[in-house]
Amino acid sequence: MGMRIVAQLFFLLPLLWVEGAWAVGVDCADFGYDLRFQAEVDALGATGCDRVRGYLYIRNSTDITNLDGLANLTSVGGPMGAGLSITNNDALTNLDGLRNITRVEGYLAIRDNDVLANLD
């Protein structure tokens, strides 16, 4: 039995090692987030999580100016009804804080952000 455990461990180690660092993702505590204030954006980022398993809404805000606090996020979405929506934000000038997101599962909506100049 001891050899079986060692063999399984050797099989799993390469899956956890990525570019010289342990690849350990941290799910955000809640299934989804509806952010309407800059303080909420910054607070989510301060948790250190990198995966929102459900929905991330950044919407209907005159307060959110940047998404820099979300720079740790690498993925959003999962089951039905999940995805990323950035809508109706009057002061949001860029999406730079989302630069590390490599996967959105579900829907993606970016609309009616009056001062958003580009999607870089």
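Atoms considered below: every heavy atom in the structure, side chains included; atoms not considered: hydrogens, waters and symmetry mates.
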Participant: Would you call Tyr107 and Leu84 a side-chain contact if the rule is heavy atoms closer than 4.5 Å?
Facilitator: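 Side-chain contact under 4.5 Å: no.
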
Participant: Quick check on side chain to side chain contact (heavy atoms under 4.5 Å, CB included): which of Asp42, Leu67, Leu44 does Leu35 satisfy it with?
Facilitator: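 Option passing the side chain to side chain contact (heavy atoms under 4.5 Å, CB included) with Leu35: Leu44.
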
Participant: Give every residue pair that meets the side-chain hydrogen bond (donor to acceptor under 3.5 Å, both in side chains) criterion with at least one member in residues 86-95, sequence neighbours excluded.
Facilitator: Asn60-Asn88, Asn89-Asn113

Participant: Is there a continuous path of hydrophobic side-chain contacts, each under 4.5 Å between heavy atoms, that joins Ile64 to Leu108?
Facilitator: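 Yes, Ile64 and Leu108 fall within the same hydrophobic cluster.
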
Participant: Side chains of Thr74 and Arg103: does their closest heavy-atom pair fall under 4.5 Å?
Facilitator: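 No. Closest side-chain heavy atoms not under 4.5 Å.
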
Participant: Between atom CG of Asp50 and atom OG of Ser75, what is the distance when rounded to the nearest 0.5 Å?
Facilitator: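 With rounding to 0.5 Å, CG (Asp50) is 6.5 Å from OG (Ser75).
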
Participant: Any idea which heavy atoms bring Val52 and Cys28 closest together, and the distance?
Facilitator: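 In this case the closest contact between Val52 and Cys28 is CG2-SG, 3.8 Å.
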
Participant: Taking all non-hydrogen atoms of both residues into account, name the closest pair between Gly77 and Ala82 and its distance.
Facilitator: CA-CB, 3.8 Å

Participant: What residue among Val115, Ile110, Asp114, Ile86 forms side chain to side chain contact (heavy atoms under 4.5 Å, CB included) with Leu92?
Facilitator: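 Answer after filtering Val115, Ile110, Asp114, Ile86: Ile86.
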
Participant: Can you confirm whether Ser85 sits close enough to Tyr55 that some side-chain heavy atom of one is under 4.5 Å from a side-chain heavy atom of the other?
Facilitator: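 A side-chain contact under 4.5 Å is absent here.
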
Participant: Sub-3.5 Å donor-acceptor pair from the side chain of Glu105 to the main-chain atoms of Val76, do we have one?
Facilitator: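 No.
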
Participant: Side chains of Gln38 and Thr65: closer than 4.5 Å at any heavy-atom pair?
Facilitator: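 Yes, at least one pair of side-chain atoms sits under 4.5 Å.
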
Participant: Taking only residues two or more places apart in sequence or in another chain, which ones pass salt bridge (Lys or Arg N to Asp or Glu O under 4.0 Å) with Asp68?
Facilitator: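 Once residues adjacent in sequence are excluded, Asp68 has no partner under the salt bridge (Lys or Arg N to Asp or Glu O under 4.0 Å) criterion.
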
Participant: Counting C-beta onward and ignoring hydrogens, is there a side-chain heavy-atom pair between Asp96 and Asn66 closer than 4.5 Å?
Facilitator: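 In short, these two side chains do not touch, never coming nearer than 4.5 Å.
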
Participant: Would a 4.5 Å heavy-atom cut-off, applied to side chains only, mark Leu56 and Leu73 as touching?
Facilitator: yes

Participant: Run the salt-bridge test on Asp63 and Arg36 with the 4.0 Å N-O cut-off and return the result as yes or no.
Facilitator: no

Participant: Test Ile58 against Leu70 for side-chain contact (heavy atoms from CB on, under 4.5 Å), laying out the working first.
Facilitator: CA-CA 11 Å; Ile58 302 165; Leu70 303 179; 4.0 Å; yes

Participant: Which of these, Leu119, Asp112, Asn118, sits in a side chain to side chain contact (heavy atoms under 4.5 Å, CB included) with Leu116?
Facilitator: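 So, applying the side chain to side chain contact (heavy atoms under 4.5 Å, CB included) to Leu116 and each of Leu119, Asp112, Asn118, only Leu119 qualifies.
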
